[in-house]
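Take a look at the structure set out below.
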Amino acid sequence: MFSKVVMVLGSWLVASIAAATLPSTSTSHDICHGLQCPKFVVLNKTADWELRHYEATKWASANVTAMFKDEVGNQLFQYLFQYISKDNAAHTKIDMTAPVVTKIIHGQGPNCESEIIMHFMLPFAYWDSPIQPTNPAVTIQEIPAMDVYVRSFGGFAKDSDYLDNLAKLSGDLVVAGFPIEDAYFFTAGYDGPYTFLNRHNEVWIKKN
Ligand SMILES: *[C@@H]1O[C@H](CO)[C@@H](O)[C@H](O)[C@H]1NC(C)=O
Ligand SMILES: *[C@@H]1O[C@H](CO)[C@@H](O)[C@H](O)[C@H]1NC(C)=O
């Protein structure tokens, strides 16, 4: 009898503590404007960055090698936008999600092109059996669960703004002595091209 009470009390405590300390992994973070977005929890936070744990996620992706994302971003965006606008094996319109995540694997040396991979997250309902793309430039990819350091900023973000924030974020993390992935980083853009208030952009560096 006593042990049963302790057990019930124990699980109530665990549940309450979990509810109090774990931020929700909901799909309705304010920055996503009501669109589906990848689930994460915040593991640590300072005035300049936060550390997030993302669950594994499924994406439609398109990639190209180029010197700069600004040169090829529109082309990659069009490939992915056509995929969600019925240019797919089921001729189905697929809901937009947020953010648009771009992975940039930098080349070695001053004149080397980088691999630039843009991603639209698939709505959760399609994760088990993604609708196949018809354009061979579009592939379905999984991004495994990962922890990323995130620095947020506003405005209309160009390569130079992402790189500025990347430099600040990596500088903070190196000074703090946190091990980070230096072969690639991610940009995340949450707004359409003509949203002009409260724009939200992020750079992500993977925790190693
Ligand atoms: C969170 O970040 C702060 C600032 O760098 C650091 O001092 C602290 O150890 C971190 N906490 C955890 C749990 O990683
Ligand atoms: C780039 O896209 C091609 C298909 O167009 C794919 O075979 C290749 O794996 C992609 N590379 C990366 C790094 O995603």
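In each ligand, atom 1 is the first atom listed, and ligand 1 is the first ligand listed.
Listed by atom number, the atoms of ligand 2 under 4.0 Å from Asn63 heavy atoms are 1 (C), 2 (O), 3 (C), 8 (C), 10 (C), 11 (N), 12 (C), 14 (O). In summary, the atoms of ligand 2 found under 4.0 Å from a heavy atom of Pro136, numbered by their order in the structure, are 4 (C), 5 (O). Close approach of ligand 2 to Glu115 (heavy-atom distance below 4.0 Å) involves ligand atoms 11 (N), 12 (C), 13 (C).
Just one of Phe185, Tyr54, Phe40, Tyr149 meets the ring-ring contact (aromatic ring centres under 6.0 Å, His included) condition when paired with Trp204; it is Tyr54.
Surrounding CG of Asp128 are at most 12 heavy atoms belonging to other residues, nucleotides or ligands under 6.0 Å away.
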Would you mind writing out a table of all protein N or O atoms found under 3.5 Å from any N or O atom of ligand 1, naming both atoms and giving the distance to 0.1 Å?
from	atom 1	to	atom 2	distance (Å)
ligand 1	2 (O)	Asn44	ND2	2.4
ligand 1	11 (N)	Asn44	ND2	2.8
ligand 1	14 (O)	Asn44	ND2	3.4

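Between Gln141 and ligand 2, an N or O atom pair is found at a separation short of 3.5 Å.
Judged purely by atom type and a 3.5 angstrom limit, Asn201 uses its side chain to pair as donor or acceptor with the backbone of Gly155.
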Going by atom type alone, with no hydrogens or angles, which donor-acceptor pairs under 3.5 Å involve a side-chain atom of residues 60-81 and a protein atom two or more places apart or on another chain?
from	atom 1	to	atom 2	distance (Å)
Asp70	OD1	Asp159	N	3.3
Asp70	OD2	Asp159	N	3.2

Could you go through residues 91-105 and list every donor-acceptor pair under 3.5 Å that involves a side-chain atom there, pairing it with any protein atom two or more places apart or in another chain?
from	atom 1	to	atom 2	distance (Å)
Thr92	OG1	Ala90	O	3.1
Thr97	OG1	Met121	N	3.4
Thr97	OG1	Met121	O	2.7

Please determine whether side chain to side chain donor-acceptor pair (under 3.5 Å) holds for the pair Tyr190 and Glu202, giving the CA-CA distance in whole Å, both sets of side-chain angles, and the decisive distance to 0.1 Å.
CA-CA 9 Å; Tyr190 288 78; Glu202 296 169 348; 2.7 Å; yes
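Counting only N and O atoms by type, the side chains of His33 and Asp191 include a donor and acceptor under 3.5 Å apart.
Not a single ring pair (Phe, Tyr, Trp, His ring centres under 6.0 Å) links Phe156 to another residue, sequence neighbours left out.
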